[in-house]
Amino acid sequence: MHELSIVKDIFDTLEGHYGARVEDVQQIQVTAGLLSNVQPVLIQNAFDAFIAENRGYAEMELEVVVNDIVAYCDVCQQNFPVHYHRFVCPCGRSSSTIVQGNELYISKVIFKQEK
Amino acid sequence: MSTNTSSPKSAGNRVGSVQCDNTTLHLLKANDYVANAIRERLKDVCVINVCSSPGSGKTTLMQETGKLLANDLNISVLVGDPETERDAIRMREVGINALQIVTGGMCHIEAQMILQALDHIDITGTDLLFIENVGNLLCPSAFDLGEDYRVTLLATTEGDDKPKKYPRMFLTSELMLVSKSDLLPYVPFSVDAVTKDAREVNPNIEVITISTLKNEGIDEWCDWLKEKVKQKKESRLQAEVK
Ligand SMILES: Nc1nc2c(ncn2[C@@H]2O[C@H](COP(=O)(O)OP(=O)(O)OP(=O)(O)O)[C@@H](O)[C@H]2O)c(=O)[nH]1
Ligand SMILES: [Mg+2]
Ligand SMILES: [Zn+2]
């Protein structure tokens with residue numbers, strides 16, 4: 001599994017975007033579509049392992065939000081939810097135009113209280 | 001869906017003493033960047049990322065393909081393996097230009113590894129470059145390697161429920177090869193059922209049933225490859241004219 005690659009990428013991305021302020025981050029939220037193959041438990045474990053070894057981040061918390069899969073039907077011209085990986089609209093047409101479910105991003109960053 | 005731990009109006013503002021920044025910082029984007037650099041570099045080569053579970057027959061198929069197409073195409077292979085050099089040796093034994101990418105226990109190949117490997121293999125004149133991914137239906141699906149096509153093998157011994165279990169793999173593949181068809185009489189596996197399931201995940205996926213051992217469907221596979229190489233060369237010529 002590549003959870004550890006993702007966790008490293010989380011910190012690289014945060015450092016790239018926020019610079020030294022990263023040390024003031026209290027909590028981050030990662031949004032992962034069901035198709036991104038990210039298991040919340042596994043990423044939480046990888047995250048805990050990472051912060052345990054990087055003391056500057058020791059108090060940081062992670063929340064993982066999982067997004068359902070949503071696809072778009074060309075015929076009905078509207079989105080439909082994909083259940084059990086069946087990319088078929090209620091009207092019967094197949095569609096693999098995914099509008100939600102592939103994503104993997106940091107969706108929220110909460111900074112520590114100013115002292 | 002998301003629960004806001006501080007004030008909902010807090011995007012980028014200080015509310016009380018907690019600052020909450022609602023943002024969209026995409027992850028694993030570095031890989032896509034490198035993948036596009038590979039695409040730039042390999043404009044004259046048709047690149048095929050070959051994926052499957054461990055042991056579905058990737059190396060055997062590429063050995064055979066290399067032999068059969070020896071007079072038609074110039075083929076090179078990059079082989080990913082967690083630990084060993086074996087598969088690249090198997091390729092060279094049948095005269096195919098091959099380089100092993102030892103991933104050091106990693107479960108997938110990343111674009112960066114391909115870019116580095118390209119400095120160590122001479123692909124001058126290569127029409128078709130196969131990348132044999134690490135045997136795994138999960139992680140490789142998330143990593144674009146700069147390929148033109150992704151081909152996923154599913155052996156008849158693995159069960160016909162895999163497209164729904166590993167949807168992202170089949171969603172991102174252009175072709176599914178149902179391999180080891182010679183074993184169909186001995187295993188509970190329905191080619192029709194697996195094709196139906198794969199098309200529910202990806203309506204555009206092509207399906208070819210093959211047995212490398214008994215030489216079934218291999219001509220169709222080779223024709224598919226020759227067509228894709230031809231298309232790549234034509235699109236390249238058109239781009240040059242413009
Ligand atoms: N019955 C049958 N066996 C096959 C066929 N193709 C390959 N095999 C056997 O399947 C086993 C695995 O084949 P490989 O080609 O090494 O599979 P692979 O996908 O490269 O394996 P990894 O690289 O380890 O993931 C070998 O014992 C092959 O002889 C086939 O068409 N029919
Ligand atoms: Mg192999
Ligand atoms: Zn519809």
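So that the names make sense, note that chain A is the first sequence line, chain B the second, and so on, each numbered from 1. Excluded from the calculations below are hydrogen atoms, water molecules and symmetry mates; all remaining heavy atoms, backbone and side chain alike, are included.
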*Locate the shortest heavy-atom distance separating B:L27 from A:I6; write the atom from each residue and the value.*
CD1-CG2, 4.3 Å

*Give a yes or no on this: more than 12 heavy atoms of other residues, nucleotides or ligands lie within 6.0 Å of atom CD of B:Q231.*
yes

*Answer yes or no: does atom CD of A:E59 have more than 12 heavy-atom neighbours from other residues, nucleotides or ligands under 6.0 Å?*
no

_Other residues, nucleotides, ligands: >12 heavy atoms within 6.0 Å of B:E234 CD_ = yes

_B:R41 CZ: over 12 foreign heavy atoms closer than 6.0 Å_ = yes

*NZ-CG distance between B:K29 and A:L104, expressed to the nearest 0.5 angstrom*: 9.0 Å

*Out of curiosity, A:I28 CD1 to B:D21 CG, how far, rounded to the nearest 0.5 Å?*
12.5 Å

*Any side-chain heavy atom of A:Q29 within less than 4.5 Å of one from B:N22?*
no

_Side chain, backbone, both or neither of B:Y166 within contact of chain A (heavy atoms, under 4.5 Å)_ = neither

*Taking all non-hydrogen atoms of both residues, which atom of B:H108 and which atom of A:S5 are closest, and how far apart?*
CE1-OG, 4.5 Å

*Determine whether A:S36 and B:R168 make a side-chain contact, defined as any pair of heavy atoms from C-beta on separated by less than 4.5 Å.*
yes

*asked:* What part of A:I98 gets within 4.5 angstrom of chain B, counting heavy atoms only: side chain, backbone, both, or neither?
replied: side chain

*Which atoms of A:V30 come close to chain B, meaning under 4.5 Å heavy atom to heavy atom: side chain ones, backbone ones, both, or neither?*
side chain

*What distance do B:K164 atom NZ and A:H85 atom NE2 have between them, rounded to the nearest 0.5 Å?*
9.0 Å

_Heavy-atom closest pair, residues A:K108 and B:T23_ = N-CG2, 4.0 Å

*Name the region of A:Y18, side chain, backbone, both or neither, that has any atom closer than 4.5 Å to a heavy atom of chain B.*
side chain

*What is the distance from atom OG of A:S107 to atom NE2 of B:H26, rounded to the nearest 0.5 Å?*
10.5 Å

_Structural part of B:L171 lying under 4.5 Å from a heavy atom of chain A_ = side chain

*Tell me, for A:S95 versus chain B, whether the close heavy atoms (under 4.5 Å) come from the side chain, the backbone, both or neither.*
backbone

*asked:* Quick check on B:N204 against chain A: is it the side chain, the backbone, both or neither that has a heavy atom closer than 4.5 Å?
replied: side chain

*When heavy-atom pairs shorter than 4.5 Å are enumerated against chain B, which of A:S94, A:G16, A:A32 gives the highest number?*
A:S94

